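Heavy atoms only: backbone and side chains are in, while hydrogens, waters and symmetry mates are out. Please read these numbers as outputs of a predicted model, since none were measured by experiment.
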Amino acid sequence: MSLMEAVRYVPDGVTSFLHRKTGEVVRISDDVLRRAQLQAADARDDEEFRTAARVVAATEDDYLPLPNRLEVDESALMEAFVRELSNPMMRTMLERELTGTGRMRRFQDRVVELGLQEDWNAFRIDGYLEFMRQWCRARSVPYTE
């Protein structure tokens, strides 16, 4: 799994960590992570708990918590996508969707309506990739796709 996928596709209630030495990404449910932090071992312990215990016992030099998808500014990505549209009518239509409650849903619906879904998806993926490159650079972590 790439770093970008680890951030973009992580479900709610799960935290991802990067093992700095191996580049392996591990995902741990927040419940299991809390149990490991409390050292609350029980009979249900499995590989996920053992991994969580290793992560908790390690330093950030070993395991680095990855950002979650909420840390990516999707509003800024939507605004940048709209600015780059060459069709002024489409740009105006999408600009109207960028304000207020529910803007992401309205924006997505309008993108589909205008036939821009492939363009938006490609732009959004590029935005996630750039976010991860910058995040890695700031932490001296090599980025591989």
Side-chain angles (χ1 to χ4, degrees), residues 1-86 90-91 94-145:
M1 166 186 321
S2 74
L3 290 176
M4 191 272 297
E5 290 169 330
V7 171
R8 187 167 179 215
Y9 299 116
V10 68
D12 292 335
V14 174
T15 302
S16 296
F17 296 86
L18 172 66
H19 188 263
R20 283 183 179 260
K21 292 176 184 150
T22 65
E24 176 189 16
V25 174
V26 295
R27 289 180 170 181
I28 304 169
S29 72
D30 293 344
D31 292 338
V32 172
L33 192 57
R34 264 190 297 284
R35 278 193 15 233
Q37 289 167 331
L38 296 171
Q39 298 178 354
D42 65 30
R44 302 177 301 173
D45 288 346
D46 57 5
E47 183 59 32
E48 184 182 24
F49 181 84
R50 287 188 293 278
T51 300
R54 279 194 309 275
V55 169
V56 167
T59 66
E60 200 170 278
D61 290 336
D62 293 322
Y63 285 95
L64 183 62
L66 292 174
N68 64 39
R69 69 179 182 273
L70 298 176
E71 294 177 56
V72 176
D73 188 351
E74 293 231 6
S75 292
L77 287 176
M78 292 186 304
E79 291 169 6
F81 176 75
V82 170
R83 279 193 306 273
E84 290 191 10
L85 288 174
S86 59
M90 288 181 173
R91 192 171 45 244
L94 284 172
E95 281 172 345
R96 290 183 190 143
E97 308 302 344
L98 294 176
T99 59
T101 305
R103 68 182 171 270
M104 289 188 173
R105 170 60 31 211
R106 287 193 322 273
F107 177 84
Q108 184 65 35
D109 290 346
R110 184 66 68 162
V111 161
V112 170
E113 179 184 307
L114 294 171
L116 296 171
Q117 194 166 8
E118 283 185 28
D119 294 337
W120 163 240
N121 287 338
F123 189 89
R124 188 172 175 228
I125 288 170
D126 286 346
Y128 271 87
L129 288 170
E130 183 55 30
F131 172 84
M132 284 312 302
R133 285 184 197 109
Q134 289 177 11
W135 185 89
C136 286
R137 208 173 8 257
R139 287 153 185 83
S140 301
V141 172
Y143 181 79
T144 56
E145 296 192 26

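- Although no hydrogens or angles enter the test, the distance criterion places no donor-acceptor pair under 3.5 Å between the side chain of Arg35 and the main chain of Ala53.
- The distance from the OG atom of Ser16 to the CD atom of Glu5 is 11.5 Å, given to the nearest 0.5 Å.
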Point to revise | Audit row: Met104, Ser75, side-chain contact (heavy atoms from CB on, under 4.5 Å) steps and yes/no | key: CA-CA 8 Å; Met104 289 188 173; Ser75 292; 4.0 Å; yes
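- In this structure, Glu74 CD and Arg124 CZ are separated by 4.0 Å, a value rounded to the nearest 0.5 Å.
- Shown here for Gly23 and Leu18, the closest heavy-atom pair between the two residues is O-CD1, 3.4 Å.
- Side-chain contact between Leu66 and Val10: absent, with no pair of heavy atoms (C-beta onward) separated by less than 4.5 Å.
- Contacts classified as ring pair (Phe, Tyr, Trp, His ring centres under 6.0 Å) and involving residues 50-79 (residues at least two apart or in different chains) are given here: His19-Tyr63.
- In this structure, Arg8 and Ile125 have side chains that are in contact, with non-hydrogen atoms separated by less than 4.5 Å.
- A distance of 10.0 Å separates CZ of Phe131 from CG of Leu77, quoted to the nearest 0.5 Å.
- Taken from CG in Leu94 to CZ in Arg103, the straight-line distance is 14.5 Å, to the nearest 0.5 Å.
- With sequence neighbours left out, Tyr9 forms a ring pair (Phe, Tyr, Trp, His ring centres under 6.0 Å) with no residue at all.
- A donor-acceptor distance shorter than 3.5 angstrom exists from the side chain of Glu48 to the backbone of Ser29, with no hydrogens or angles considered.
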**Study point:** Evaluation steps, side-chain contact (heavy atoms from CB on, under 4.5 Å), between Arg83 and Arg91
**Key:** CA-CA 7 Å; Arg83 279 193 306 273; Arg91 192 171 45 244; 5.7 Å; no
Exercise for review: Kindly indicate, with the supporting measurements, whether the criterion side-chain contact (heavy atoms from CB on, under 4.5 Å) is fulfilled by Trp135 and Leu64.
Suggested key: CA-CA 11 Å; Trp135 185 89; Leu64 183 62; 3.4 Å; yes
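- The backbone N or O of Ala122 sits nowhere less than 3.5 Å from a side-chain atom of Asp119 that would complete a donor-acceptor pair.
- The neighbour count for Glu118 CD, taken as heavy atoms of other residues, nucleotides or ligands under 6.0 Å away, does not exceed 12.
- Summarising the geometry, atom CE belonging to Met78 is positioned 6.0 Å from atom CH2 belonging to Trp120; distances are rounded to the nearest 0.5 Å.
- Closest of all the heavy-atom pairs between Pro67 and Val7 is O-CG2, 3.4 Å.
- A donor-acceptor pair under 3.5 Å is absent between the side-chain atoms of Glu130 and the main chain of Gly127, judged by distance alone.
- Look at Arg105 and Asp109 and you find a salt bridge, because one of the NZ, NE, NH1 or NH2 atoms lies within 4.0 Å of a carboxylate O, short of that distance.
- Of all the heavy atoms in Thr101 and Arg106, the pair that sits closest is O-NH1, 2.5 Å.
- Closest of all the heavy-atom pairs between Arg20 and Asp61 is CD-O, 3.0 Å.
- Here Asp12 pairs with Arg69 under the salt bridge (charged side-chain N to carboxylate O under 4.0 Å, His left out) rule; sequence neighbours left out.
- Distance OG1/Thr99 to CD/Glu97: 8.0 Å, rounded to 0.5 Å.
- Val55 is not listed as a side-chain neighbour of Thr15, based on a closest heavy-atom distance of 4.5 Å or more.
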